[in-house]
There are 2 protein chains.
Amino acid sequence: MTTTTRVPPVRVPRGEARARLIEAARSLVRHKGFAATSVDDLCAAAGVTKGAFFHHFPSKDALGVALIDDWTTMTGAMFASHPYNFKDDPLDRVFAYIDLRRELLGQPLPEFSCVAGTTVQEAYETSPPIRAAAERSIRSGFAHVLPHLEQALAAHPVPGVTAEGLAQQFQVATQGGIILAKALDDPAPARAAFDHLERYLRLLFGRPA
Amino acid sequence: MTTTTRVPPVRVPRGEARARLIEAARSLVRHKGFAATSVDDLCAAAGVTKGAFFHHFPSKDALGVALIDDWTTMTGAMFASHPYNFKDDPLDRVFAYIDLRRELLGQPLPEFSCVAGTTVQEAYETSPPIRAAAERSIRSGFAHVLPHLEQALAAHPVPGVTAEGLAQQFQVATQGGIILAKALDDPAPARAAFDHLERYLRLLFGRPA
DNA sequence: AGCAAGATACCAACCAGTTGGTATGCATTC
DNA sequence: GAATGCATACCAACTGGTTGGTATCTTGCT
């Protein structure tokens, strides 16, 4: 009789299950999308059991909401603390933000794809809570440039152009660029989207490179 | 004894199963995404059995490829036959194309969402054939404006700007606009994306509204 | 002791895909 | 032009595995 030495599986430290599940979800959703990611996948990747999953989240959709909200705070914190916010001129802050976005495109494709954009594409009709979380995320993205654009427009008004409208174009360029990059399997179009956005802003504000 | 009158289920006419499945897929994928749409869903919506499905498509992924390729030819034919192509001035053709895109945004959201963009977002890593089909679709989209942009740039060159690069921005605006519209549950941001694209082109080519 | 965190075991529904078969049409032969 | 032969189109029933979710028990902290 072989004493089946009960090897205690590498246990996730108590209290970390929730965070690990969200982390795993961030990665899996970026690679496969939300619907194609199963709860079992998530638990396996997080090193956690199903019981832990449904202890922390009442449903898979609820994990989706938590994932997107976590993504919103994560990116929000990252951009808020970045040095681009401390340039003197508001337009310089905007251009430095664009530089930062272009830098991020140096990572592998799944690493720069947007959790909110990916998920809302699938779930905008089937899960209102997920759609609402994506809306919060996108709107929070506006804030990364909105104040700078407001100041720039105050100093140099452009007829027919609002700061909100311009801030939206940053998200359009981001999300559209990601889709092109995925389809063409090449980050270049995503970078080009920011190049054109920068050229547009320079023309609008009379600030040639 | 009641003679259970054998009501023959409304049978799809012979030869139509394939087309109906693609049609059903177009609608379902736009509403729920590709992964969340099951083969049973598709068969039920098309009024066809599973046997018919796997007679025409070796796998669900193959249906995805056929769906996107069908979408590519469908949209290609629609844009190619449109009157905007017959204006004298190339830039007028480009602006008329933008008008057309804005008009299309008057439909309900699932009706103007892009099959290729939605699907590649989920499947770019998991299914190379689907990714390739999406690439064909996106590249075919470039062609709707590329010749006009080439002619416009030939007559009015802009340093650092290529026709290919500009054509890509049309897809960026389209795809990015759709994601914003889905997240904010409002087509306005998608329209605004084209407004800004038009303003950008007018600035580039010195052609004020 | 009490309570949140997490593990184990389980379930009914659903999943993509397969089976073995039938109905239909079309080309060839006589 | 009828009979033959065969491919295409389609169908109902089924399979093994997976799905999201639940019920119940154990662990460890305060």
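Chain naming here is simple, since letters A, B, ... match the order of the sequence lines and numbering starts at 1 in each. Any value given below was found using the heavy atoms of this structure, including those in side chains, with hydrogens, waters and symmetry copies removed.
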For [X], which residues count as a side chain to side chain contact (heavy atoms under 4.5 Å, CB included) partner, sequence neighbours excluded?
X: B/Glu23; result: B/Arg26
X: B/Asp41; result: B/Leu28, B/Lys32, B/Thr37, B/Ser38
X: A/Thr75; result: A/Trp71, A/Phe79
X: B/Phe57; result: B/Arg18, B/Leu21, B/Ile22, B/Phe53, B/Ala62, B/Leu63, B/Ala66

Original post:
With sequence neighbours left out, what residues match B/Lys60 under salt bridge (charged side-chain N to carboxylate O under 4.0 Å, His left out)?
Top reply: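 Testing B/Lys60 for salt bridge (charged side-chain N to carboxylate O under 4.0 Å, His left out), a comparison that skips the adjacent residues, returns none.
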
Original post:
salt bridge (charged side-chain N to carboxylate O under 4.0 Å, His left out) with A/Asp195: which residues, sequence neighbours excluded?
Top reply: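 Result, salt bridge (charged side-chain N to carboxylate O under 4.0 Å, His left out) vs A/Asp195: A/Arg102.
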
Could you write out each protein N or O paired with an N or O of nucleotides 24-26 of chain D at a distance under 3.5 Å?
none

Subject >> Strand contacts (DNA chain D) in residues 59-66 of chain A, 4.0 angstrom heavy-atom criterion >> reply: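 Correct list: A/Ser59, A/Lys60.
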
**OP:** Any pair with a residue in residues 117-141 of chain A that passes ring pair (Phe, Tyr, Trp, His ring centres under 6.0 Å), sequence neighbours left out, goes on the list, sorted by first then second residue, please.
**Re:**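 Listed once each, the pairs would be none.
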
Any protein N or O atoms within reach of nucleotides 19-22 of chain C? Criterion: under 3.5 Å, listing atom names and distances.
none

Original post:
Which pairs, with at least one residue in residues 129-139 of chain B and sequence neighbours excluded, count as a side-chain hydrogen bond (donor to acceptor under 3.5 Å, both in side chains)?
Top reply: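 Listed by first then second residue: B/Asp69-B/Arg136, B/Thr72-B/Ser137, B/Arg131-B/Glu135, B/Glu135-B/Arg139.
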
Extract all donor-acceptor atom pairs below 3.5 Å that involve side chains of residues 180-191 of chain A and protein atoms in other chains or at least two apart in sequence.
residue: A/Lys182; atom: NZ; partner: B/Gln121; partner atom: O; Å: 3.3
residue: A/Lys182; atom: NZ; partner: B/Gln121; partner atom: OE1; Å: 2.8
residue: A/Asp186; atom: OD1; partner: A/Ala188; partner atom: N; Å: 2.9

Original post:
Across the strands shown, which category fits A/Ser38 at heavy-atom distances under 4.0 angstrom: base, sugar-phosphate, nothing?
Top reply: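 Sugar-phosphate, backbone atoms only, no base.
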
**OP:** Respond yes when some side-chain nitrogen or oxygen of B/His56 is under 4.0 Å from OP1 or OP2 of D/dC10, and no when none is.
**Re:**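 So the side-chain polar atoms of B/His56 do come within 4.0 Å of the phosphate oxygens OP1 or OP2 of D/dC10, strictly under.
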
